[in-house]
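Notes for the one structure printed next.
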There are 2 protein chains.
Amino acid sequence: MAATHELSVSKEKSSPKKIHKDLEKELIKDVLGLVETYPRVPITVDCVIFGFDENSLKVLLIRSDLEIYKGKWSLLGDFAKDSEDLDEAAARVLKERTGMDDVYLEQVRTFSTPGRHPGGRVLTVAYCSLLNIAHHQLKILDNEIHWHDFKSLKEKDLAFDHKLILDNCIQWLQKRMMEHPLGINLLPTKFSLRKLQSLYESILDRQMDRRNFRKKFFAMNFLIDTGEMETDVPHRPGKLYKFDFKKYEQNKRRWTGIDF
Amino acid sequence: MAATHELSVSKEKSSPKKIHKDLEKELIKDVLGLVETYPRVPITVDCVIFGFDENSLKVLLIRSDLEIYKGKWSLLGDFAKDSEDLDEAAARVLKERTGMDDVYLEQVRTFSTPGRHPGGRVLTVAYCSLLNIAHHQLKILDNEIHWHDFKSLKEKDLAFDHKLILDNCIQWLQKRMMEHPLGINLLPTKFSLRKLQSLYESILDRQMDRRNFRKKFFAMNFLIDTGEMETDVPHRPGKLYKFDFKKYEQNKRRWTGIDF
DNA sequence: AAAATAATATGTATATCAAACACATTATAT
DNA sequence: ATATAATGTGTTTGATATACATATTATTTT
């Protein structure tokens, strides 16, 4: 079987592997040369880390590293390394900035407006996560990193186009919250229904009926009564529940949404 | 007012503009220098163009330009130019490949797995659109560009990770179809309810009850009876409707979803 | 021409679910 | 003891999804 045949019918398994490999190497060399001629862009990832504490939604921000944005707040971002998947890059950046590990990050959107970065064209891919502040201690505290009340950000100046990115991420988060009970991750293992509701109210930014909220969540059958009660509340204590993650994982495929 | 003050309180409007500008130029120079030190990646955009014809969902593909993918089908993609917003890049690529203009493209997701491109690390941003095949003639026919039946793609070999990209895009499309009656764009101006239903059935890939489908769509109040009937059908002709785009635009903010 | 066929057009009954609202219960504070 | 404020548990009503029934109209077959 000749090499020319190999070229046209590259699937053929009976052909000699050596010739096939040699040809492939040639072709890759061609593609490498081609790719080299195209413009290249620096890529960053930006992590939008949402948390929940004291009845309000928070976002993790740092002081910008750049002199030009001195005093302004910034998302947790950095340049992607060569040959690094951006999912990995986001996880690495988060770890470098906070010391946090095992955080589930999800890609939200890529921002490419020319002029979005003062240092020339820089493309950024936004990643988002939701986590329980109490379960994820900040092990590194450089650049004044800390949790900001989400509502307070309206008055604050953010570096780059990070306000736009945040805006996209909060909308993404609200949509996700309607589709899956992600919010559970923002609460302690045991929580009262009031805490659960105020979590949803904070993120979805609207009030809900206490009784209907309760009914809807119980109907999902993902709440387990721990038998315990709240303590240290200045009123009648409520029952404490935990979330049945196992049951949720088994049923989430059939899940159509929460529909608040 | 000294320059040092200018540095710390850059918002101050009373300070001399010239010094401010000079300082800003300095800072930008610094940032430019910093950005230059970071790795750069070639960026492509890939357009996933869905269309609908003869009762089935189609996708626009071309033969791959690359010798290494000879014979394989590929999405409409190309490298992004310097200082080009990726939204523009996607529109440009689509125009270059098909001659089509005025196509609304939406960003779906960025793919960054190292090794996804044989020519080294290349990042791609997928854009998606839905259009009426009859209203958008292909003015350029290079690389055997043509509409492929979506179902037939399961057996076909695609270049790069384009199967993965397509998979993401069809899921994105299905979700969008539930949220907004996008499918209308895939039909002629006047259409029968049967055509509308088979469109939804094709894209959502499941059968629906004819009577309930009708009821649900009528309940939206976006269909206008044209008074005309189907012609050239081998059975009782149905009424022809058109879509009230104006009314839809006015009400879509309050739109919660189609919920089939 | 009459009957069979196949699709359109319209309607009904039932179960499910969301929204609004009423009331009893139980802890804390006065 | 009483007021207060939150929890816990319904009930009612209206809207909507689902399943199913029947009449209508054009085409095709006999």
Side-chain angles (χ1 to χ4, degrees), chain A residues 54-55 174-175 177-181 187-188 190-202 204-242 251 254-260, chain B residues 54-55 174 177-181 187-188 190-202 204 206-242 251 254-260:
Chain A
E54 292 160 17
N55 278 351
Q174 288 177 341
K175 220 171 160 187
M177 283 283 284
M178 308 276 278
E179 290 164 353
H180 296 282
L187 291 174
K190 297 170 185 175
F191 51 86
S192 66
L193 273 171
R194 180 173 30 79
K195 290 281 183 191
L196 184 61
Q197 181 173 348
S198 57
L199 163 65
Y200 272 86
E201 289 183 335
S202 289
L204 300 182
D205 199 25
R206 67 185 154 104
Q207 302 299 108
M208 285 177 273
D209 184 277
R210 199 170 45 85
R211 296 152 289 187
N212 293 335
F213 180 88
R214 165 186 295 267
K215 241 181 299 177
K216 212 170 288 193
F217 244 98
F218 280 147
M220 293 180 208
N221 252 307
F222 294 143
L223 292 182
I224 303 171
D225 190 337
T226 64
E228 297 172 57
M229 304 291 274
E230 282 182 303
T231 53
D232 300 327
V233 282
H235 52 73
R236 173 180 172 185
K239 286 183 181 177
L240 290 176
Y241 297 88
K242 58 182 181 180
N251 294 43
R254 290 192 277 151
W255 200 249
T256 57
I258 291 181
D259 272 339
F260 284 109
Chain B
E54 293 160 17
N55 279 351
Q174 288 177 341
M177 283 282 284
M178 308 277 277
E179 290 164 353
H180 296 281
L187 290 175
K190 296 170 186 175
F191 51 86
S192 68
L193 272 172
R194 179 174 30 79
K195 290 283 183 188
L196 184 62
Q197 181 172 350
S198 57
L199 163 66
Y200 272 87
E201 288 183 337
S202 289
L204 299 181
R206 65 185 156 104
Q207 301 299 107
M208 285 177 273
D209 185 277
R210 205 165 39 84
R211 297 153 289 190
N212 294 334
F213 180 88
R214 164 185 295 266
K215 241 180 300 177
K216 214 170 287 195
F217 245 95
F218 280 147
M220 293 179 206
N221 251 307
F222 294 142
L223 292 182
I224 303 170
D225 190 336
T226 64
E228 296 171 56
M229 304 290 276
E230 281 182 305
T231 53
D232 301 328
V233 282
H235 53 73
R236 173 181 172 183
K239 286 185 182 177
L240 290 176
Y241 297 89
K242 57 183 182 180
N251 294 45
R254 290 192 279 151
W255 199 249
T256 57
I258 293 181
D259 271 339
F260 284 108

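Just so it is clear: chains get the letters A, B, ... in the order the sequence lines come, proteins before strands, and each one is counted from 1.
- OP1 or OP2 of dT18(D) lies within a sub-4.0 Å distance of a side-chain N or O belonging to K216(B).
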Show your reasoning for whether ring-ring contact (aromatic ring centres under 6.0 Å, His included) applies to F218(B) and Y241(B). CA-CA 11 Å; F218(B) 280 147; Y241(B) 297 89; 5.6 Å; yes

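- For R194(B), a side-chain nitrogen or oxygen approaches OP1 or OP2 of dT8(C) to under 4.0 Å.
- In this structure, M229(B) atom CE and dA7(C) atom C1' are separated by 11 Å, rounded to whole Å.
- In this structure, K215(B) and R236(B) both approach DNA chain D, and ranking their closest nucleotides by distance from the 5' end singles out K215(B).
- For N212(B), the side-chain atoms get nearest to dC20(D) when compared with the rest of dA6(D), dC21(C), dC20(D).
- Rounded to whole Å, atom P of dA19(D) lies 16 Å from atom CZ of F213(B).
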Test side-chain contact (heavy atoms from CB on, under 4.5 Å) applied to L204(A) and M177(A), step by step: CA-CA 8 Å; L204(A) 300 182; M177(A) 283 283 284; 4.1 Å; yes

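- Between R210(A) atom CZ and dT7(D) atom P there is a gap of 6 Å when expressed in whole angstrom units.
- Between Q207(A) atom CD and dA20(C) atom C1' the separation is 16 Å, expressed in whole Å.
- By the 4.5 Å heavy-atom criterion applied to side chains, E201(B) and R206(B) are not counted as neighbours.
- Here the C1' atom of nucleotide dT10(C) and the CG atom of D225(B) are 14 Å apart, to the nearest Å.
- Looking at R214(B), its side chain has no donor and acceptor atom pair within 3.5 Å of the base of dT8(C).
- On a pure distance criterion of 3.5 Å, no polar donor-acceptor pair joins the side chain of K239(B) and the base of dT25(D).
- No N or O donor and acceptor, one from the side chain of R211(A) and one from the base of dA18(C), sit under 3.5 Å apart.
- Nearer to the 5' terminus of DNA chain C, by closest-nucleotide assignment, is the contact made by S192(B) (compared with the other of D209(B) and S192(B)).
- The CZ-C1' distance, from F218(A) to dG8(D), rounds to 9 Å in whole Å.
- Put simply, the residue from K195(A), R236(A), R194(A) that forms a salt bridge (Lys or Arg N to Asp or Glu O under 4.0 Å) with E230(A) is R194(A).
- Atom P of nucleotide dA17(D) and atom CE of M220(B) are separated by 9 Å, given to the nearest angstrom.
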CA sep, side-chain torsions, deciding dist, call: F213(A), L196(A), side-chain contact (heavy atoms from CB on, under 4.5 Å): CA-CA 9 Å; F213(A) 180 88; L196(A) 184 61; 3.8 Å; yes

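- Toward the 5' end of DNA chain C, the nearer of the two residues V233(A) and G238(B), judged by each one's closest nucleotide, is G238(B).
- The interatomic distance linking M208(A) (CE) with dC21(C) (C1') rounds to 18 Å, in whole Å.
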